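Side-chain atoms are counted along with the backbone in the values below, which use heavy atoms only and exclude waters and symmetry mates. These figures come from a predicted structure and were not determined experimentally. In each ligand, atom 1 is the first atom listed, and ligand 1 is the first ligand listed.
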Amino acid sequence: MKRLLLFSLPILIIISVVFAFFGFFQARSVQERLIDEIKRKAKAVAESMELSAGQILATRDLRKAQRLIEKFETRERLQGCVLYDREGKLFVITKRFSEWKDHQKPYLGEVITQKTPHGELAKFGDYSVYSYVHPVLDDDGQILGLVEVIYDTSYIFTRLTELWKRISIALIALVISILLVSLLTLRQLFVMPVRRLTEWFTRFQRGNIDAKSPIRDTGELGKLAEEVEQVALNLRVARRSMIEEAQVRVEKEDLWTEKRLQDLVVAKLGENSLFVVSNREPYIHVFDVERNETKMMFPASGVVTAIDPIMRACGGTWVAHGSGNADTKFVNSRNKIGVPPGDERYILKRVWLTKEEEEGYYYGFANEGLWLLCHVTHTRPIFREVDWQIYRKVNEKFADALLEELPADNPFVFIQDYHFTLLPQMIKQKRPDATIALFWHIPWPNPEVFSICPYQEEILEGMLCCDLIGFHVQNNCNNFLDTANRLMESRVDTEKFSVVKSGRETLVRAFPISIDGSVFGKPTESVLNQKEKIREELKLDGKIVAVSVERIDYTKGIVERLLAIDRFLEKYPEFKTRFVFIQIAAPSRTHIKRYHDLTGEIDELIERKNWKYAEGDWSPIIYLKRQFTPEEISPYYQLADLCIVSPLHDGMNLVAKEFISAKNDLSGILLLSRFAGAARELTDAVQINPYATEEFAESIKDAIEMPVEEKRRRMERMREIVGKNNIFFWAANIIAELTGVKNTQPLRKE
Ligand code: F6P
């Protein structure tokens with residue numbers, strides 16, 4: 001409609017102006033003609049009365065005068081006649097127009113003295129009239145009296161109104177015709193060809209190129225379409241050779257790098273790029289009210305830390321919840337944005353959720369239900385029916401958002417985490433040709449624990465529509481296989497580590513997630529400068545610095561760690577004033593009471609312990625409670641002599657790996673909870689039980705006092721592991737496993 005108006009509005013304006021212009025002149029000429037006609041009529045009538053009026057006025061015969069007037073008053077549109085004597089006094093007047101005698105007539109005197117006729121248009125009550133006064137002279141040219149005839153001119157106005165009505169109707173008819181013609185022309189010349197081109201493009205985008213229906217169009221758009229077709233062909237050919245070159249490179253290289261992963265994706269997935277789904281989006285646009293500006297944030301999230309480098313390397317589309325309050329301002333009409341902003345490598349598609357959906361799906365079912373079910377923290381999970389219904393609805397919403405992006409053939413979908421247990425089934429129902437992997441970033445409990453979930457069957461059924469389910473460690477895989485075996489009608493193949501349900505096989509594998517070593521690798525000059533600045537500002541010179549980094553979450557064991565530090569200082573007072581612990585913590589899920597309370601508990605505990613030990617300008621704990629970017633965390637890793645990672649239960653924990661990766665000078669030691677997935681790989685860390693305060697405190701002391709050489713040896717070994725098993729290696733393993741299964745089995749209904 002807008003385009004139609006843009007196209008036809010100028011024409012319509014021009015036509016209306018021309019019509020108004022000609023209408024005005026036409027009306028004016030009609031008006032002049034009609035007035036002229038009246039004037040002529042009035043003159044003729046007055047002149048034809050002159051002779052008889054002369055005789056009557058000479059004799060002052062009133063009866064005859066009356067008859068004369070009555071004779072003329074039947075003339076068309078003649079309103080009335082008046083005879084005046086030689087002094088201009090009224091002698092006789094048409095009865096029906098007798099009020100005219102009260103009308104002011106200053107012109108009578110002028111007609112008497114000059115003996116010339118006078119005509120004028122006048123307003124009289126409701127009438128528009130034309131009055132014509134003619135002098136009546138005797139044979140000697142002396143004035144005998146006057147004849148006045150008055151004509152009604154209102155009909156001129158009626159005629160003009162009708163004329164304007166006709167002009168307007170003609171104009172409206174013309175406008176409608178022009179709009180219709182424009183619409184048809186626009187449709188034929190523009191809309192249809194563009195629509196054909198768009199459909200062709202959509203098919204091309206989805207990899208559904210139909211050789212039998214090339215773009216065919218005539219005219220300029222046809223030429224454009226042909227050019228597009230050529231570009232598309234070149235692109236296809238180029239992609240094909242890229243795939244072959246990539247295959248050769250993948251086979252040759254050894255260590256997994258961003259480039260090597262990129263080659264693997266091209267070689268294995270070819271034209272079908274990667275589709276990732278997660279709840280948390282990698283880039284969040286937030287409006288800062290205090291500064292009155294919008295800023296971009298990188299969330300504190302293991303999923304984002306791990307998946308963003310993969311997507312940067314491989315491209316593709318990442319579908320996630322648009323949670324930033326300024327997110328809507330930065331997407332295109334299909335809710336997509338190229339990211340990272342300024343260095344666009346892949347597409348982020350944002351899915352919008354209502355407050356009610358966020359509450360039920362994210363805060364409720366995912367984080368008050370499943371999160372607790374899977375983490376052993378001895379806190380009771382809450383399962384509300386309403387949350388479950390919303391969780392299902394949101395899974396459907398994400399399925400719709402993803403399905404409209406998938407290419408025509410064999411798409412690869414990589415789902416993240418416990419927020420989307422129903423999504424695999426929803427996708428497979430519509431796209432049985434899709435290969436789906438789900439990575440579970442948190443632990444998986446044993447069957448007894450899982451069996452308390454009221455929705456266990458739906459969850460397992462949803463998940464078992466995947467071709468591959470990944471966990472961080474083998475123990476989680478074993479728990480999952482046990483769960484499927486005990487709680488579902490399915491067959492677990494312990495040889496292949498798979499579950500067969502309704503004729504469909506799902507592989508279950510451990511893929512220890514990792515990081516992109518380059519992010520915290522060799523420190524840049526700015527990181528080193530920052531490190532010195534922090535050392536000075538926080539008065540850390542000559543101190544033993546310990547650091548912890550995480551979201552404020554009860555699974556991270558922050559309270560237990562603070563108690564262990566308290567015990568350490570209590571037991572070994574010689575470390576007072578020499579030891580500083582920096583806690584970096586990003587507020588998280590504060591909308592949930594448990595998290596809100598924990599935030600308060602930590603604030604209070606830190607305040608109490610600092611008060612207990614403070615001496616001069618030293619206090620043992622520095623609390624930095626806010627969101628930090630990787631660049632901001634890096635100098636703290638550089639500064640730290642110890643990094644304490646002490647979750648009560650954790651799928652992997654990437655902070656442990658980040659610290660190792662940051663220590664390229666081999667300094668520092670890692671204290672790591674034996675309940676974090678990372679403990680399986682990083683066996684050279686000082687392993688601790690966060691619940692055992694006494695032992696934990698001892699471990700802090702042991703770590704500090706460990707000989708430098710020993711620390712270096714441990715760090716070297718751990719760096720080798722993290723360097724080799726990096727995030728690109730992780731992704732490569734999953735893709736290789738996925739492309740190995742290359743699913744073709746249709747979803748069978750139970
Ligand atoms: O590690 C588990 C996890 O849910 C990840 O999926 C996510 O990266 C992290 O916790 C942060 O959680 P959220 O996205 O709820 O802030």
Side-chain angles (χ1 to χ4, degrees), residues 276-284 286 297-311 318-324 327 348 350-351 353 357-377 381 387 391 394 398 414-421 423 438-445 469-473 476 511-516 549-558 584-592 594-596 598-599 626-628 630 645 647-658 673 675-678 727 730:
V276 165
V277 185
S278 77
N279 169 69
R280 186 61 65 204
E281 61 178 336
Y283 299 91
I284 311 180
V286 182
M297 281 172 58
F298 193 73
S301 156
V303 169
V304 171
T305 307
I307 308 291
D308 181 63
I310 297 170
M311 292 302 280
W318 185 337
V319 180
H321 170 212
S323 55
D327 272 355
L348 167 64
R350 287 172 169 158
V351 175
L353 298 182
E357 285 171 340
E358 209 180 332
E359 175 85 44
Y361 139 84
Y362 173 75
Y363 289 110
F365 194 75
N367 286 319
E368 285 187 295
L370 289 180
W371 177 263
L372 289 149
L373 185 72
C374 296
H375 286 93
V376 182
T377 59
D387 290 349
Y391 178 86
V394 171
F398 272 81
F414 190 16
I415 302 170
Q416 310 303 314
D417 242 340
Y418 57 100
H419 308 91
F420 298 114
T421 56
L423 191 59
L438 166 70
F439 194 83
W440 196 261
H441 290 259
I442 59 177
W444 186 273
I469 300 178
F471 295 96
H472 289 301
V473 292
N476 293 156
F511 301 101
I513 204 166
S514 194
I515 54 159
D516 169 7
V549 182
E550 58 240 317
R551 286 183 303 108
I552 301 181
D553 194 304
Y554 47 88
T555 61
K556 302 293 177 187
I558 301 174
I584 295 176
S588 167
R589 304 174 191 167
T590 42
H591 187 56
I592 299 174
R594 180 76 177 83
Y595 285 79
H596 177 85
L598 175 71
T599 312
R626 70 169 172 89
Q627 178 90 36
F628 278 65
V645 178
L648 305 183
H649 200 190
D650 211 339
M652 173 54 66
N653 198 299
L654 293 181
V655 169
K657 294 191 175 181
E658 283 175 0
S673 161
F675 308 124
I727 191 63
W730 177 81

Requested in this report: Please name all residues satisfying salt bridge (charged side-chain N to carboxylate O under 4.0 Å, His left out) with Glu658, sequence neighbours left out, ordered by chain then number.
Outcome: none
Query raised in the report: salt bridge (charged side-chain N to carboxylate O under 4.0 Å, His left out) with Asp327: which residues, sequence neighbours excluded?
Result: Arg350
**Report entry** Side-chain touch Ile513/Ile727, heavy atoms, less than 4.5 angstrom
**Finding:** yes
Side chains of residues 363-373: which donor-acceptor partners sit under 3.5 Å, not counting sequence neighbours?
from, atom 1, to, atom 2, distance (Å)
Asn367, OD1, Tyr418, OH, 2.8
Asn367, OD1, Arg589, NH1, 3.2
Asn367, ND2, Tyr362, O, 3.1
Glu368, OE1, Arg384, NH1, 3.1
Glu368, OE1, Arg384, NH2, 3.1
Trp371, NE1, Tyr595, OH, 3.2

Query - Sole residue of Phe439, Phe511, Trp730 in ring-ring contact (aromatic ring centres under 6.0 Å, His included) with Phe414 - result: Trp730
Query raised in the report: Is there a side-chain contact between Pro647 and Phe675 (heavy atoms, below 4.5 Å)?
Result: no
Hey, what polar pairs (N/O, under 3.5 Å) does ligand 1 make with protein?
from, atom 1, to, atom 2, distance (Å)
ligand 1, 4 (O), Tyr418, OH, 3.1
ligand 1, 4 (O), Arg589, NH2, 3.4
ligand 1, 6 (O), Asp417, OD2, 2.2
ligand 1, 8 (O), Ser301, OG, 2.5
ligand 1, 8 (O), Gly302, N, 3.0
ligand 1, 8 (O), Val303, N, 3.1
ligand 1, 10 (O), Arg589, NH2, 3.4
ligand 1, 12 (O), Arg589, NH2, 2.8
ligand 1, 14 (O), Arg280, NE, 3.0
ligand 1, 14 (O), Arg280, NH2, 3.4
ligand 1, 15 (O), Tyr362, OH, 2.4
ligand 1, 15 (O), Arg589, NE, 3.0
ligand 1, 15 (O), Arg589, NH2, 3.0
ligand 1, 16 (O), Arg280, NH2, 3.1

